[in-house]
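Below is one structure, written out as structure tokens; comments come after it.
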Amino acid sequence: MTQSRVAPASGEARTQVGIVGAGPAGLVLAKLLSRAGVDAVVLESRSRAYVEQRVRAGVLEAPTVELLREAGVADRLDREGMPHQGISLRFAEDTAAPQTDHRIDFADLVGRGIVVYGQQEVVKDLIADRVDGSGGGGALEFEVSDVAVHDIATDAPSITYTAADGSPRTLRCDVVAGCDGFHGVCRDAFPEGTRRIAERIYPFGWLGVLARAAPTQDELVYSNHDRGFALYSMRSPEVTRLYLQVPADCNAGDWSPARIWDELDTRLACEGFTMNTGEFLEEPSVTGMRSMVAEPMRHRRLFLAGDAAHIVPPTGAKGMNLAIADVRVLAEALASFFSSGSETGLDEYSPTCLRRVWRAEHFSWWMTSMMHRFDDSDPNGDAFGRALQLSQLRYTATSRAAATSLAENYVGLRHGSV
Ligand code: APR
Ligand code: PHB
């Protein structure tokens, strides 16, 4: 358990925590460990430019913002992030009626809000803090390949990989943190029969566009339209982020900019609502939607965190927040393990995280069920399902108790309260 630095020139190095993946989970974990005096090395398969530009969701729940502030990596977030005190649900009472907005007022209902700040901005801030040394620095290697984890059932696991310069490396550590996302290798390093996967795949995806267009609304709009779901979001005073529900097998290339703007216009229509259009800042792309939980999140000295362990559909904006909530628990457990040798926190890691994970899974599934069209393939439509959806929307929009439940989940349950 001695603390040491990776020696980049040699083939073998040692650290306390070997972290696979430099997404929000791996980078926040590295930052929290560094503040606790625990040595870590982060290994990332992509380049720095790639991970800094990868566009993902952009909603930070209140506990995430608090954690980033406490960790000392929120200066730019506090300057450039857009605090929001609510969202709107947009829907028509019946097909003949026009769509109207029903605002869920977070500040009034739960006294807290969210901050809109792109995931890749969080990633950029954390990488700058680690690599450029403003936060004390730490090892972070990009463009590694052939990552494999070994001996996770022993007290001396290791990670083998090929460094960016093509040389083979071995990183010996006390603990491996699998923060390598949904497509990573760590989840599958669990021995046969030691974990189970619960999964649901939805028959639709989201076509996402990022446009150079000033937002015309101050807050996000979730619209349940007869033609399918649409989301109006933003990234800055100059950039709008928009999504359309599309069939899961849809080809983004079939959607011309004109068709996308037309469809957004139709699905987001509401009295008084206008939308600025503008050039797309990246190619529109389709993201599939699934819910997945791998349990437990630990096998001996291997700990999974973030998308490596669980996936939520993006409707509740929970992906990055859940990843950061996991590593908050993991960092505390590891700090206590390395300072006192106590394994209590390590033993509680998986059950503690899974309580929050399942709450977020439920919320994301519920938002998804309430907002999307499910009956595309049925020419008669699913009249019962549609009526239930409308009833749930009306109830959420008009009952303070129902709206409070949405608000409490959306802004994020307090650390340790689930
Ligand atoms: N070796 C090293 N790195 C890997 C490997 C591997 N074999 N496989 C994947 N990675 C890297 C990916 O390139 C990525 O940068 O692991 C990182 C995982 O990051 P994310 O996918 O962002 O996952 P996570 O950190 O759990 O964040 C979860 O935040 O990024 C948002 O919306 C996203 O919901 C997601 C959430
Ligand atoms: C986004 O701005 O990208 C975003 C916002 C809310 C969501 C999902 C994505 O639920």
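In listed order, ligands and their atoms are each counted from 1. All residue numbers refer to positions in the sequence shown, counting from 1. Side-chain atoms are counted along with the backbone in the values below, which use heavy atoms only and exclude waters and symmetry mates.
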| task | May I ask you to check whether S88 and H102 show a side-chain donor-acceptor distance below 3.5 Å? | result | no
| Using 4.0 Å as the upper bound for N to carboxylate O, is an ion pair formed by R14 and D39? | no
| said: Yes or no: does W206 have any heavy atom under 4.0 Å from an atom of ligand 2? | reply: yes
| Protein contact to atom 6 (C) of ligand 2 [nearest heavy atom, distance to 0.1 Å] | Y222 OH, 3.3 Å
| said: For ligand 1, give me the residues whose heavy-atom distance to it is below 4.0 Å, by chain and number please. | reply: V20, G21, A22, G23, P24, A25, L43, E44, S45, R46, V51, R54, R56, Q119, V147, C179, D180, G181, G184, V185, G306, D307, G319, M320, A323
| field | For D105, salt bridge (Lys or Arg N to Asp or Glu O under 4.0 Å) partners two or more places apart | value | R103
| task | Decide if the gap between the ring center of F91 and the ring center of Y222 is smaller than 6.0 angstrom. | result | no
| For atom 8 (C) of ligand 2, the protein heavy atom that lies nearest, with its residue and separation | P314 O, 3.4 Å
| note | When distances are taken from atom 3 (O) of ligand 2, the protein heavy atom at minimum range is Y243 OH, 2.6 Å
| field | Check ion pair R172-E12 (N to O, under 4.0 angstrom) | value | yes
| message | Using a strict threshold of under 4.0 Å (side-chain N to carboxylate O), is an ion pair present between E361 and K318? | response | no
| task | Describe, in one word, how the ring planes of H372 and W206 are oriented to each other, choosing from parallel (under 30°), tilted (30 to 60°) and perpendicular (over 60°). | result | parallel
| Under the salt bridge (charged side-chain N to carboxylate O under 4.0 Å, His left out) rule, what pairs show up with a residue in residues 277-294, not counting sequence neighbours? | E199-R290, R212-E279, R241-E282
| Going by the order shown, which atoms of ligand 2 are within less than 4.0 Å of some heavy atom of V59? | 5 (C), 6 (C)
| note | Here the atoms of ligand 2 under 4.0 Å from any heavy atom belonging to A57 are 3 (O), 9 (C)
| In terms of residue, atom name and distance, what is the protein heavy atom nearest to atom 2 (O) of ligand 2? | S233 OG, 2.6 Å
| Step by step, would you call Y202 with W365 a ring-ring contact (aromatic ring centres under 6.0 Å, His included)? | CA-CA 10 Å; Y202 302 88; W365 162 84; 8.7 Å; no
| Whether R235 lies under 4.0 Å from ligand 2, heavy atom | yes
| message | Test of understanding: given a 4.0 Å heavy-atom threshold, classify the contact between L231 and ligand 2 as side chain, backbone, both, or neither. | response | side chain
| remark: Between C250 and W255, the two heavy atoms sitting closest are SG-NE1, 3.4 Å
| field | salt bridge (charged side-chain N to carboxylate O under 4.0 Å, His left out) contacts in which one or both residues fall within residues 394-418, not counting sequence neighbours | value | E93-R394, D108-R400
| Under 4.0 Å to a heavy atom of L220 - the qualifying atoms of ligand 2, by number | 5 (C), 6 (C)
